[in-house]
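As structure tokens, the structure follows; a few thoughts come after it.
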2 protein chains.
Amino acid sequence: MSRPTKQSPERGSARTRLLEAARDTIRQKGFTATSVDDLCDAAQVTKGAFFHHFKTKQALGVAAAQHWAETTGAFFADAPYHTPDDPLDRVLAYLAFRREIIAGETAEFTCLVGTMTQEVHNTSPDITSACADSIFGHAATLEPDIAAAIVAHDIRGDWTAESLARHMQAVIQGGFILAKASGNPEMARESIDHLIRYVRQLFNIGETP
Amino acid sequence: MSRPTKQSPERGSARTRLLEAARDTIRQKGFTATSVDDLCDAAQVTKGAFFHHFKTKQALGVAAAQHWAETTGAFFADAPYHTPDDPLDRVLAYLAFRREIIAGETAEFTCLVGTMTQEVHNTSPDITSACADSIFGHAATLEPDIAAAIVAHDIRGDWTAESLARHMQAVIQGGFILAKASGNPEMARESIDHLIRYVRQLFNIGETP
DNA sequence: TACAGCATACCAACCATATGGTATGATTCA
DNA sequence: TGAATCATACCATATGGTTGGTATGCTGTA
């Protein structure tokens, strides 16, 4: 995080503002199409400040992915889907929550690291690995609940909590692509509905609660 | 793929070679990071030829998406998954086929239009709409089989053939993202396995054939 | 407590190159 | 011959990145 100073709390915030600008701008235009000047304009920062905080544009990409992991990590940790007692209910509440937050402009609900991965997976290992950490790290937070649900509901199948957690991320990411292609968020919600139905079926609970 | 000689019947193929170069290069580096020079080099064509066939780089993007729709359309039309008599078997054969062809380098099995959509959805309506046509057009080819399977197996649920066809594309696209992030094609296959399990459950057939 | 010495945060101007695109000319085919 | 298909040379600008410099805060020491 940034280092706020005593007399001027605004100082030292250039880095944070750049990361926020990156989050917003890259989600709209993609990583490559976002120029350093774009970011400096959006963050109200000069180029000198940019290259003071980030050695290269790639380094900004890595930092943006890490910043995304941190902020979304906190966001999901504070989200209300953890409250149910039954672990399966927590899993389903997670999916309902993911569905809920799909609203507004496409660039507002889609995933920064999913977008960046698609672009740079073959050209920038650093950014790719930071994106992977974010995606699979988030998936990992779901595993305990899924594993507990498997035990609680006495389920046995040839799939693991790990793979289901990853599949959930795949469905969400794929939904974002259809939403972007069509300009319609409903495409993303629709896929989560199928995913919810799948999970309910996996755990042998009825179609409608 | 040699340079067109004066009398060669290869002549006039610059456009096609550029489209193939676009398919390959954009899947590796993304649309924005792929320069016109990159494409000319890969296609063994000069810039004059490029801008003779495509008014702008954007126009190339649109044409590449359309070319993708045509070639993959023919590829899937000729694929062997249409042979089973039972429509549900055809749907499952489709998914098995999609799973099978995930092999080799990431850029070889991932989707051009899915990649482009992520990048340009907010900046280039032309390309986005061409990509959407490709994705949803392909999804539409699955609807008849799904609809027939619903009838044949006497299924009633609050989902449609259309939405399931789209969901399949979402899962496949999402799997590609996880595969790119991790560098591991298995991540994409894994999600299709879940999707196959979901479809089998939707149609009330056993876990293992 | 005072102050030297250093580190951090930031700025404005500049640079080499890459980029999309153009103007124009040559060649081939129908 | 006229249109289509290329090739060569070129341009204006955008791009990532550098340079040299300033202002301010932090820290160890006497």
Side-chain angles (χ1 to χ4, degrees), chain A residues 1-22 25-26 28-64 67 116 119-120 123-127, chain B residues 1-22 25-26 28-64 67 116 119-120 123-127:
Chain A
M1 290 300 166
S2 61
R3 300 147 205 262
T5 51
K6 290 166 189 174
Q7 266 113 16
S8 170
E10 281 304 313
R11 276 210 84 187
S13 67
R15 186 188 148 92
T16 303
R17 290 211 311 279
L18 279 166
L19 289 174
E20 284 165 358
T25 312
I26 294 173
Q28 280 172 17
K29 311 180 27 173
F31 178 74
T32 312
T34 296
S35 71
V36 174
D37 282 333
D38 285 341
L39 294 170
C40 293
D41 287 353
Q44 301 260 60
V45 153
T46 62
K47 230 170 182 180
F50 182 100
F51 285 101
H52 168 73
H53 288 287
F54 307 102
K55 197 160 189 278
T56 65
K57 191 193 169 191
Q58 264 205 37
L60 176 275
V62 173
H67 183 247
M116 282 206 288
E119 267 192 87
V120 303
T123 49
S124 174
D126 299 351
I127 298 179
Chain B
M1 292 289 180
S2 56
R3 195 182 228 108
T5 42
K6 318 254 162 115
Q7 279 98 5
S8 167
E10 283 299 317
R11 266 211 78 146
S13 67
R15 186 188 149 91
T16 303
R17 291 212 309 283
L18 279 166
L19 289 174
E20 285 164 358
T25 313
I26 294 174
Q28 280 172 18
K29 309 178 29 171
F31 178 74
T32 312
T34 296
S35 71
V36 174
D37 282 333
D38 285 341
L39 294 171
C40 293
D41 288 352
Q44 300 261 58
V45 152
T46 60
K47 235 170 180 178
F50 183 99
F51 283 101
H52 168 71
H53 289 287
F54 307 103
K55 198 160 187 279
T56 66
K57 190 192 168 189
Q58 264 205 38
L60 176 276
V62 173
H67 184 247
M116 281 206 290
E119 264 192 90
V120 302
T123 50
S124 173
D126 299 352
I127 298 179

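Residue numbers begin at 1 in each chain, while the letters A, B, ... track the order of the sequences.
Not counting sequence neighbours, the partners of B:Phe50 by the side chain to side chain contact (heavy atoms under 4.5 Å, CB included) test are B:Leu18, B:Val36, B:Leu39, B:Cys40, B:Phe54, B:Leu60.
Looking only at distances, a side-chain donor or acceptor of A:Lys57 sits under 3.5 Å from a matching main-chain atom of A:Phe31. When atom types are taken as modelled, the side chain of B:Glu119 and the backbone of B:Thr32 share a donor-acceptor pair closer than 3.5 angstrom.
Side-chain contact between A:Gln58 and A:Val62 is absent, with no heavy atoms from C-beta onward closer than 4.5 Å. Side-chain contact check for B:Arg15 versus B:His52: every heavy-atom pair is 4.5 Å or farther apart.
Between A:His52 and C:dC10 there is no side-chain N or O to OP1 or OP2 distance below 4.0 Å.
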For each nucleotide in nucleotides 12-18 of chain D, reading 5' to 3', give B when a protein heavy atom comes within less than 4.0 Å of its base, S when such contact involves only the sugar-phosphate, and - otherwise. ---SBBB
